[in-house]
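To start, the structure itself, in structure tokens.
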Amino acid sequence: MPRDHVIRLRGPWEYRAWASPSAVAGRITLPADWGSTLGPDFRGRVAYRRRFGCPTGLEPGDRVDLVIDRVDALGSVRLNDEPLGDIPVGGQAWRCDVTRRLGRRNELTVEVELPRVRDGEPPPARPGREGLPGGLVGEVRLEIFRVAGDTR
């Protein structure tokens with residue numbers, strides 16, 4: 001089904017990283033890895049948060065998908081504090097129908113974790129990103145699909 005409209009959620013995003021002994025927070029425009037904000041060697045978990053309004057002009061039967069092109073390495077997604085799912089390592093795009101979960105105002109949180117590798121353990125498979133900083137490295141967007149036959 002072809003999409004009818006795309007809303008890119010580039011930024012600004014707020015981020016919060018858990019690093020010993022305290023948390024680090026700031027703002028960032030995505031997609032990006034965390035190399036410029038947390039350093040290329042940071043390993044751990046970072047929560048990215050962005051607020052946005054409900055797309056206007058939605059009609060009954062329209063569908064809105066949240067699409068995240070890529071996280072590096074592991075991800076989990078929440079919309080308005082409701083878990084939507086996990087994003088596995090591997091670089092595949094993640095998609096979820098959020099039509100009925102959207103409110104007038106919304107808060108999207110994507111947690112990304114690049115775990116520390118312990119001695120003797122293999123690192124997570126990160127195709128094309130080996131040795132690079134982690135982060136929300138793919139585009140985040142809302143894709144709107146119109147009701148079949150709608151001529152708007």
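The basis for the numbers below is simple: all heavy atoms, side chains too, and nothing from hydrogens, waters or symmetry mates.
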Going by side-chain contact (heavy atoms from CB on, under 4.5 Å), name the residues that satisfy it together with [X], two or more places apart in sequence or in a different chain.
{"X": "Pro133", "value": "Asp33, Trp34, Pro40"}
{"X": "Asn106", "value": "Phe52, Cys54, Leu79, Asn80, Leu102"}
{"X": "Leu132", "value": "Arg126, Arg129"}

So, using side-chain hydrogen bond (donor to acceptor under 3.5 Å, both in side chains) as the criterion, who are the partners of [X] when residues are at least two apart?
{"X": "Arg43", "result": "none"}
{"X": "Glu121", "result": "none"}
{"X": "Arg49", "result": "Glu14"}
{"X": "Thr99", "result": "Asp97"}

Can you name the ring pair (Phe, Tyr, Trp, His ring centres under 6.0 Å) partners of Trp13, sequence neighbours left out? none
Residues two or more places apart in sequence or in another chain: which of them pass salt bridge (Lys or Arg N to Asp or Glu O under 4.0 Å) with Glu82? Arg101
The criterion is salt bridge (Lys or Arg N to Asp or Glu O under 4.0 Å); which residues satisfy it with Glu111, sequence neighbours excluded? Arg45, Arg78
Where is the tightest heavy-atom contact between Arg16 and Ala23, given as atom of each residue plus distance? NH2-CB, 3.5 Å
Roughly how far apart are Phe145 CZ and Asp65 CG, rounded to 0.5 Å? 5.0 Å
Atom pairs and distances, side-chain donor-acceptor, residues 85-94, under 3.5 Å, sequence neighbours left out:
{"unit_1": "Trp94", "atom_1": "NE1", "unit_2": "Asp86", "atom_2": "O", "d": "3.4"}

